[in-house]
Each structure stands twice: as structure tokens, then as C-alpha cells.
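One structure below.
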Amino acid sequence: MSLQVPGHVKGRQSNLYSDDEQLDEDDPGTWQDEGIRNLQESVCLPNNGRLASASKDDSSHLTTVIKMGWLDKNPPQGALYYQRRWVKLDVDYLRYFDNDKEVYSKGIISTAFITNVTSVGELKFEVVTNNRTFIFRGESEVERNNWVAVLQDCTRGRPLRSTMSPCSPLTPDYLGNLELRGLRSKLYTVVTSDKVFLYKNIEDYRIGVGITSIEMNVGNVKDTDRRGFDLTTPYRIFSFVAESEQLRDQWVDAMRNAIGEALSNSEVADRIWAEPSNSICADCEAPKPEWAAINLCVVVCKRCAGEHRGLGPSISKVRSLKMDRKVWTEELIQVFLLLGNERVNSFWAANVPPSEALTSSSCSEDRRRFITHKYRQGKYRKYHPLYGNQKELNNALCINVQGSDVLETLSLIFCGADVNCSTGMASCPSALSLANAHSQPLQAELISRNLNTELPRSEVGGDMEARHYLPAPCVSHNGFLFKTASMGRAITEHKAREEFSRRWCTLNDGTYSYYESDKNSNPNGALKASEIVCLAVDAPERHGYVHTFELYSESERLYLFGTDDPDSHKEWVKSIAKSLIPAPAEPLLRLAFERIGRLKCKDGLNLQTSKVGWFALVGSTLHAYLEDSQGEEIHLRKLNELSIQQDNEVLVLVEKGRTLYIEGERKLDFAGWCGAIQTAAGSGGDTLSQQQLTETDIPVVVHSCIGYITQCGLTSEGIYRKSGVNSRVAALCERFRRDARSLRLREGEHQVDDVSNTLKRFFRELEEGLFTSEDTSTWLSAAAIQEESKKISQYQLLFNRLPRVNKATLQALINHLYCVQRFSELNQMNLHNLAIVFGPTLFQTDGKDFTAGRAIEDLIQHYTLIFEVDEQQLKKQLDEITVIIQVREKLNTKFPSTEPGGHFICTVYLEEKDKGEQHVKIPGSMTAAELTCEVLDRRNIRVKDKDYWNCWEISDKEEMERPLHYQERVLSILHSFGTDSHLLIKKHVAMEAMMVYLASKVDASKHGMMKFREERSILGMGLSSGNFHDRYFILNSSSLRMYKEVRSNRPERDWPVKNLKMYMGIKKKLRPPTCWGLTVVYECKKQEKQERQQWYLCCNTQSEMREWYATFLSIQYDGNVWPQDGLQQTRVSRVLPDTRHGNVSLIPLRGSENEMRNSVAAFSQDTLSLFRDVR
Ligand SMILES: [Zn+2]
């Protein structure tokens, strides 16, 4: 339903109002004039999404719905017409709606107030409440009787209520009159638990007859102005105005609480409370505690939870029973049921002096003191007999976790047993793995919740309050390290031992300090943990001291510390990391990272605001914890793209389906990260699995070469046998080795034989070989097996034994070779020839022994059997290749292709030339809008409202550009433009202004002065002459006419609009008098001869130029200059088989094997099945 049309407004208005109210309206005009204005803002619904989500999210109602259906409802107060209503009944309410898609009812009747339900007259029945009677009419007798029966059943035997209070079924949290913008009179609004009810007035509230209820689980409340606030739900925005600012705040609070309530889920709480001692706070005995310290295993009340939080997450991990549903795994719940507050307090609170015990009414200060004593210092705990004997404690822990006594484990852990201690067993190196191995999930749960817990420690002296938790958890560590002078730039050179000085270093209270010696009390320098933005661990022996690490500070300083003692180094790295990584990113600490720290970043979902992310780099994996989200891993060698953009300030990581932008907030640590990430994303060495890989684990180099050969080399005679130019092959190999991802093989730029030899050289020089060094000889001996079936199963066995990457690579390669030899009549490379070439290459033999060739021949010949290939798929692939070959032949002889559906691969840029390059296959039917969406989707860019993304034809030579109309077919544009032109996707910033201008006009036409210049060729030599002259122009629906002056009667020129193309910009060489120029191209066919003219128009202002352009566009496209719904429809409908081909680059550079296969699917008979394969 559109909201833009004023005529609909009244309808919308009535949606929200009870029938009664409408009838009571004696002067609809009074609300309507205000209503129109307000409603467009306040009661607006998201496009389209509404119906779908409405019926889906409405399940909250559906679960309890007893009956629903269409009924006619009488208009109250004796009006004539029945109104068709969608009616729903649940245990608590009878509601009626405008239609079955509506989420918000027009009327809601509390069943508790229904006094009687009876059939009356034909098909009708009455629903009687204390002082109002509703009459409904069913569609049939049966239907009516059914409703009556159900309603009676539902209201029978219930305690009837005459008025709402005092024993109301709703205990209101907040209520009162509240203005809903657009309505004349205020509504009586009631916030209760997780819902908001709207009533016409307080009387209606008292008798349980309302307008609607709003489920707050989908709500969001926001202040709008002094007294106003919006309650936003996916279906509607309710704009309220309170009577005063103060009341506004109270309403907002009440509604927000309702949202909190709605979001909470009492399910976990109910289960936890099932253990009776859990239903009183472990610290103060307040009833129904809704919070828990999940590592300490206590259930606590809200006030105590606040103090627990104050201890910091390294001591107490506080979670809500109601709101943190995700954390409550079955194991965790079981731990809480097994232990329970009572048992757990037998440990934590074994020795509480009565004078120190809390009560539910204790003040905050008492609570803080008690909770600090209890958990931070362990003052009241029951000491384990082994307390103080670390080795015995650890030992006891390892033994105990194999059994079921979880309380004992808790006691051991909090009396000092090290959960990270080594068990000395290779199979189960840690207590956690031991618990798991002995099927003790609850033990494992308790341990894993305490992997980073700080143990209770009694402080001697010191101000406890000052040590109270602030963001950095308290980690303590000290010892001697060797330090160089701090630097303001990256360390590129080796630092000799002499450059280091011995320093006493301490990490305490979130501050890392270094002293001249351990006797000094004044530090030489100190860094707050919160100022440390990155910690990098150097490879051993990089500097004079064997083990070094670097600290990067917020103020762009770099500190280098070293030691020869690996344990001390490890301990320092661990402690410092722990002091700078916050609780939500804690799992990062368990990684063997080489770099850890925080960075600002953005991702696809919200490119407006950056979030803080915590990152750790381990090998070629980047682990990340972004604000408000779960941890994730980014496999750097599998990235689609990795680049540094915007003047070295943003690192862009493009993964399949997502793009992450890491911002260089500070130069020094950002440069460090960029370098480390780029190195990690590059190939790690010369073995197969160390290469940059595609989604399907094929090295990018292999994938690129195969794709290129498939595209351009299958008809090349002697492909793979002929050698390329050695220097070029070597250069290609080197480029691939450095960064395979960034190398794009292009026809014209790269030679087929160079590429084929690059691929061969890659395999020949591969460390360990494709068949792995241990199995190579077994593969070769399989070739000698006489019996064919036995031989094939031996190959299969060996194939399945290969590591993942080798397997994927071998299959892709043999598939490729199979295809190559299928076209041997064109390329002369039959099975045997290929085998001769590839045998020694793949087995890395000298070529004198023919066994290697025989093995490869077997693999190609029995390709379908050995690799269990789907013959249908293979046939389709071969068909596709055939078409490619045909198209190429056609392209070579005659261009452009006139075949319907002739495809073309084109390079499209995003936002700037040479940036965001995408290779898109352009099917004949692809429109500019589809291409735009394609590129945006690939880059994961969301189209926002008023983002006029457009595809532009840009001519560098002419210095002009033209936004393609969204319906224009791209292929014909490609065919018409020259080599100096390219396509670019960027926003059309003037589009909004143009549309506003067009909307203000009755018809599309324009007249006015412009400066004109013709491109004249002198003696056919293409030299231009002439100057710009003032001319008067009239542009109407059929033609553009040029007059010498305003008063002229006859036009000097008259061009049909349909033959014109207008470009923005004029080349500077022509010295246009203003910078608001248009280049106009006139094309027409006269007697089979193409005629082309080009001339220039110059306007005085930018807006004038835009007006001419807009008028021109509007005329050419009948006023349809931009898709009505932006690009949404295009995005949806683009999933048509025909346009799908645009998804895949013809020269596949990376992607899944399917993508690779399908990327050569220029045409396919069964396009739909192809589509299924891809997704
Ligand atoms: Zn409490």
C-alpha cells in the first residue's frame, strides 16, 4: 500500500482507530489536514516488506490463536453497513482487523470482560460486555455457530470482571493519556509487561475494550523532539506526544522497560529456579534473582549483579537469566542445577561472619564490600586441603575432572589449581580435554568458563576501592626484559643486542611500566594497557635477543622488548594481551597469535559508522571480534580481494559475500597490520596448500590459468606442448607467486603459450608435488596394473588419500585436460600428446620414463570413472565450451555479434577507473540497471534510499560521460563505443535534482539560449574548427531545433530527438566557455550508410545544464527516467536465468569449482539448472 497518495491517508488513519471513533468523528476534516502531514511521517510502513513480515512475525499471536476468520461486524450505534473484518480469538483477547495482513487491530476486547455470547437472528451473534455489545455476522450458519461455541467455551467459567481495577489481568506499569500524532483526541495508553495497549479513553480501558495492542519484542523507542517520541515497529511507527518533557521521559522509560521485558525470556530463569536455592540471591538472599555469575556458578539479584560486574569479567562473568539467552547452553544450565546456590555457597560462603552478611535490603556500599571480599579475595571460601601446593592442586584437578564432582572442581579452581596446567598426556594435554575425553561435559563447561579467570587473592593493604574494576582487567606480571628506545616508525632493521638495555618491567593495574632496576620506585616510562593498541610477536631471532615483541601505543610510538628466555617471553605476551583485550574478545587470548590488537572497521551492513574490532592474526587466518558480534575467522589466502585504498588509509578485505573495511586510525600500527595481513594472505611457500586458494581449495594460479586456457586457448594448436617466451613465463610465475589474486590474465595482454607454460612450471616446481612425495611412486606403480578395473580402483584409492587441496587441484586439472583433448581436432593435443607433456610435469620426472605419461593418460582417459564425474554435468560443460569456441570464431570474423544472446565480457569499474574492476559477462538482454546491481552485489554494497547508482559510459578521449538509462541494453553500448571508452558504476548525483525539476513541469519541453559549436572536419581530415556561438534552442517531444536567435522563424537545424545521444562534458581542447557543457552525438542511417555528427552545447549554469539533460532524458524515455522503486525491483527480478550469466566472469579468476565450470557457460539450454548449480 502506498502512502504517497493523499487519497489513501484517510484509509490509513482509520486503520488505527476503532470503528467507534470513526463514527464519533463529527468533523473528519479537522484531523485530516493535520493527519496528512503527520501520517506520512509517522504512520509509514516500509515498502513491500510489510505484508511478508507481518504474517511471519505475527506468529506471536498465532501461537495462541484459538480461532480466526472473516466476519462482518456491525457498525456501532446503528449505522447501516456491516464492515468486513478479519477476526482473531486467543485466550485473552478477541481482536478484529481491517484485513488478514494487518498486524494492529482496529478493536480488541478482553475475553475477561465478555459477559455473554449468543446467536441472534440470521447468521449473526452477539458478544456482550458489561456495557457494550458487538454484533458479528458469519458467512454461514456453521461458521457462526462455531464462533459462538468457541467464544462461549473460552469465556465460560472465568472470573468475570466488571472493571479493570483492582484485580486487572494486566498490571499496568505505566498509563495515561497520550497524543498519537495525527489523531484529534488523545488515546489512553497502557504499558504493561511486554505490551502497549491503546484505548480510546479511560472508560474503555476500564471495561476492557481497546483499539489495539503493540508487542514490544519488535519495538524500538526514540525521542523525537521536546515532548515527542516514536515507537517504531517493523510494521508502523507510532509517533506519540506526551504532555510534558518530563512525562515524555517517563513514557519512554516505561516503553523501553516493556521492550526489555519482551526480549527477556523467562524460560531459562524458570529452569534455573527449579533448584530451590537458586531462587534466592546467593549473596543477599533477595527473591527471584535474575542474574548469574556464570564462572562462579552463583545466581544473584540485580543489585548484586551490578557489584559483580564491578569486579570485572576476569573475576565474575555476569549474565542475565532472561536476556542472555544464548549463553545458556544446556551444559551451563545443568551445572547451575547440579551445584545450586546452597551447595556453591558451602564453598564461597563457608566462613561468613554474621556481621558481614548481606540482606536483601543492604546498601550498595555493603554489597560492594561483601562481594569483593567474597569473590575477589576469596575471604569466606572453604580452603581446599591442598591449598598452596600448586602441583598437588593441578594434579587433583586433572584427576577430579574425570569424574562427576563438579563442586570439587570449583573448589580446586578457586583455591588455585591452574585450569590451563599441562596434564602431561599427549592425547589430552589439558584439563578441559581430559574432561571431554571422559565424557564429563559439566566439568568441561565449568573449566571452559574459567580459562581466563583471575583467582581470588587477598590484598595486603592498598585501597580496595581504587582497585575497583575499570575497563582493563587486572593482570599482574613483572620481571626483567631488554628494551630499545621507543620509536615513531616501523622497525625494519635488525636491532643488535647492544641496542637493548635491561629494564625491570611490571604490569599492574592495567599499566605497563619499565624501571631502571627492580630497586627503583620511579618508572622510566609507563604505558596504560588501554593505550596499547597492538601487540606484535616477532619471529624468533629477528633481533639481537631471540624473543622479541613490539607494543604500539595510541600516540604512535613503538616499543620493542626482548629476552632470550622463551618462557618469560611467552608469559609477557600472554599477560599484556590479556590486559588489553576486553572480555567479549577473550577467546583471542587462547590463540598463538603473531599480532593482536584493536582496529576500527566497517562492514557491509553499516558503512556509515565504524566499529571497534579486536583482531588477532594467526598464520593465514585473521580472527576478529567486532563490536556486538560473535567472533569470526577470515581466511586470508582465500580472500577474493585484498587491497589498500584511499591513500593507504583503508584495508579492504573482500570475502565471498562480505567486505570488511579496516581503517587506519593511526598510521604506525595500521601499517604493521597491513604488512602482516598482506604477507599472511600471500602464498606461504612452494607447497600446494600454501598457495592462495579459491573457495574450493584450488590454488588461484591453477584456477586462473585453466580459466584463461579454457577461454582463449582451446583452439590453439599445440597448446601445452609449444613453449612460451621464457622471460615472460618467468615473469608470470613470479607475479603469481607474489600475489596470485591480484593478477588478471587478459587476452591480448597475455599469450596463450605463456600461460600454459606458467601452469606447467607451477606444477613442475611444486614442493612435494601434486601427488605428494610419499605417494608419487605408488601412483606410478598403479599405471603398471594390467587389469583395468583393478587399476581404476587403485587410482581412486590413491586419489582419496590425497590431502584436500591436492585432491581438488588434481580433479580440476584432469577435468581441464579432459576438455582440452576433447577438442583435439582443433588443437592437435590428443590424449596421448597431453599425457606426454603432463606426465613428467606432474610427476616431476625427467621424461625418459614413460610411466608418468601412462599414469596421466589413465587419469584423463578414465576421468569420469576415477573421479566419479556426473556425465550430464560433463556433457553440459563440453557444450558450453563448444559455444565459447563458436562465439570466439564469430567474434574474430565479425564484430559485433548480431546473434541474439551474443555475450561479451567487459570490464566494469566501480566509482573510479582502475578501481573496483569487475569482469562481467554481458548477455544480450542485460540492462544498465542489472549491470549496476550485479557490480554492487559483487562488492556487497547496499543501495540506500536516494542513492542513484548508475552505469556510466565514459569516454576518456572525448572527456565526456553519459549515465546510461536504466533500461538501456548494455551490450549494444559496448558494441558502439571505442577502445577509449569504459563503463563505470557510480552514483548519479544530479538525478535527484533532475527528478525534482521534471516533477515540477507539466510537460517535458524546454527552450532557451545555449552556446553552440560544431565539429567540422576540414577536408575530411578530422580537424575541427569554429567557435562557440549563442543560439536559441527548443527541445520538444519530437525534435531539438536550433534558431539563430529568439525571434527567428525558421530553425537553422532540426534534429529528431530519438537519434541523439547526449553526453555530459566537452573536451577541454575545444575551450568551452563554461564548464557546463554537453556533447551531442547525432547518429542515423541514410541509405544504408551510417552518418554520425558530433557537436557541443554549453550552458551558463550547472542547473541549466541539468534541466536540459533531464528534459532530454524524459522525452527519450517518456518520463520514465528512474525506476520507481529505485533498484529494488531490478535486484529481485535479476534472478532470471538469462541475466544470471552476468554473474560470472568469463575469465574465471577465482570462485567455486561450480563457478569456474559455469563461468564458461556462455549459453546453456537449461539455464535454470545451471543457476541451481551455482547457488
Ligand atoms: Zn543479591
Side-chain angles (χ1 to χ4, degrees), residues 311-315 376 452 454 457 459-491 495 499-538 543-545 547-563 565 567-583 585 588-589 593 595-599 612 614 665-670 672-673:
L311 297 174
S314 63
I315 293 176
R376 186 199 233 302
N452 295 302
E454 209 178 315
R457 257 180 318 140
E459 327 278 336
V460 186
D463 184 4
M464 185 189 71
E465 296 299 324
R467 286 175 165 270
H468 201 67
Y469 177 77
L470 282 163
C474 297
V475 188
S476 274
H477 194 67
N478 50 41
F480 281 104
L481 281 173
F482 297 84
K483 174 185 175 298
T484 63
S486 75
M487 284 150 275
R489 53 173 185 82
I491 304 169
K495 294 272 180 194
E499 296 176 65
F500 289 81
S501 332
R502 191 166 183 255
R503 291 285 176 265
W504 173 251
C505 301
T506 65
L507 179 62
N508 234 326
D509 277 347
T511 304
Y512 180 72
S513 322
Y514 46 93
Y515 300 78
E516 199 68 36
S517 80
D518 55 342
K519 307 284 182 298
N520 285 55
S521 54
N522 289 327
N524 289 9
L527 264 174
K528 284 207 178 91
S530 56
E531 288 169 352
I532 302 175
V533 291
C534 176
L535 161 65
V537 182
D538 295 319
H543 299 294
Y545 284 88
H547 301 282
T548 49
F549 62 87
E550 300 170 1
L551 295 180
Y552 293 75
S553 79
E554 213 156 37
S555 52
E556 308 254 18
R557 300 297 294 175
L558 200 169
Y559 301 79
L560 178 68
F561 293 91
T563 168
D565 174 12
D567 290 337
S568 153
H569 177 258
K570 202 171 137 194
E571 202 52 45
W572 274 110
V573 166
K574 203 174 113 188
S575 307
I576 294 170
K578 199 169 167 184
S579 73
L580 60 100
I581 294 298
L588 294 180
L589 296 170
F593 50 83
R595 188 171 283 267
I596 192 166
R598 70 164 194 255
L599 288 163
V612 175
W614 297 91
E665 202 183 351
R666 296 157 304 268
K667 282 208 170 58
L668 196 57
D669 65 308
F670 180 66
W673 278 105

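Side-chain atoms are counted along with the backbone in the values below, which use heavy atoms only and exclude waters and symmetry mates.
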- Query: Closest approach of M487 and A485, non-hydrogen atoms and distance?
  - Reply: CE-O, 3.3 Å
- Are any side-chain N or O atoms of E556 and backbone N or O atoms of K667, one a donor and one an acceptor, separated by less than 3.5 Å? yes
- Message: So which atom in G562 and which in F500 form the shortest heavy-atom distance, rounded to 0.1 Å?
- Response: N-CE2, 4.1 Å
- Note on the structure: The reported gap from CG in L527 to SG in C505 (rounded to nearest 0.5 angstrom) is 10.5 Å
- Message: So, applying side chain to side chain contact (heavy atoms under 4.5 Å, CB included) with W673, which one of V533, L599, L668 is it?
- Response: L599
- Query: How long is the span from the CG atom in D565 to the CH2 atom in W572, to the nearest 0.5 Å?
  - Reply: 12.5 Å
- Y514 and L481: CA distance, side-chain angles, deciding distance, side chain to side chain contact (heavy atoms under 4.5 Å, CB included) verdict: CA-CA 9 Å; Y514 46 93; L481 281 173; over 6 Å; no
- Item | Y515 vs T506 side-chain heavy atoms within contact, under 4.5 Å | yes
- Query: Can you tell me how far CG of L589 sits from NZ of K574, rounded to the nearest 0.5 angstrom?
  - Reply: 9.5 Å
- Query: For the atom pair OH (Y545) and NE2 (H569), what is the distance rounded to the nearest 0.5 Å?
  - Reply: 14.0 Å
- Message: List the residues meeting salt bridge (Lys or Arg N to Asp or Glu O under 4.0 Å) with E665, not counting sequence neighbours, and say none if there are none.
- Response: K600
- Task: Please name all residues satisfying salt bridge (Lys or Arg N to Asp or Glu O under 4.0 Å) with R502, sequence neighbours left out, ordered by chain then number.
- Result: none
- Note on the structure: For S530 and E554 the tightest heavy-atom approach is O-OE1, 4.2 Å
- Task: Answer yes or no: is there a side-chain heavy-atom contact under 4.5 Å between F480 and D518?
- Result: yes
- Task: Applying ring-ring contact (aromatic ring centres under 6.0 Å, His included), name anything that partners Y559, two or more places apart in sequence or on another chain.
- Result: none
- Here the gap from L311 atom CG to R376 atom CZ, rounded to the nearest 0.5 Å, amounts to 7.0 Å
- Considering only heavy atoms from C-beta outward, does the side chain of L535 approach that of F549 to under 4.5 Å? yes
- Verdict with reasoning, T511 to S513, per side-chain hydrogen bond (donor to acceptor under 3.5 Å, both in side chains): CA-CA 6 Å; T511 304; S513 322; 5.7 Å; no
- Message: Tell me every residue that passes salt bridge (Lys or Arg N to Asp or Glu O under 4.0 Å) with K483, counting only those two or more places apart in sequence or in another chain.
- Response: none
- Could you tell me which non-hydrogen atom of W614 sits nearest to which non-hydrogen atom of I581, and how far apart they are? CE3-CD1, 3.4 Å
- Query: Are the side chains of K578 and H477 in touch, meaning some heavy atoms are under 4.5 Å apart?
  - Reply: no
- salt bridge (Lys or Arg N to Asp or Glu O under 4.0 Å) partners of E516, counting only residues at least two apart: R503
- Item | With E550 via side chain to side chain contact (heavy atoms under 4.5 Å, CB included) - residues at least two apart | I491, A536, D538, R542, Y552, L558, L560, R595
- Message: For the CD1 atom of I596 and the CD1 atom of I576, what is their distance to the nearest 0.5 Å?
- Response: 11.5 Å
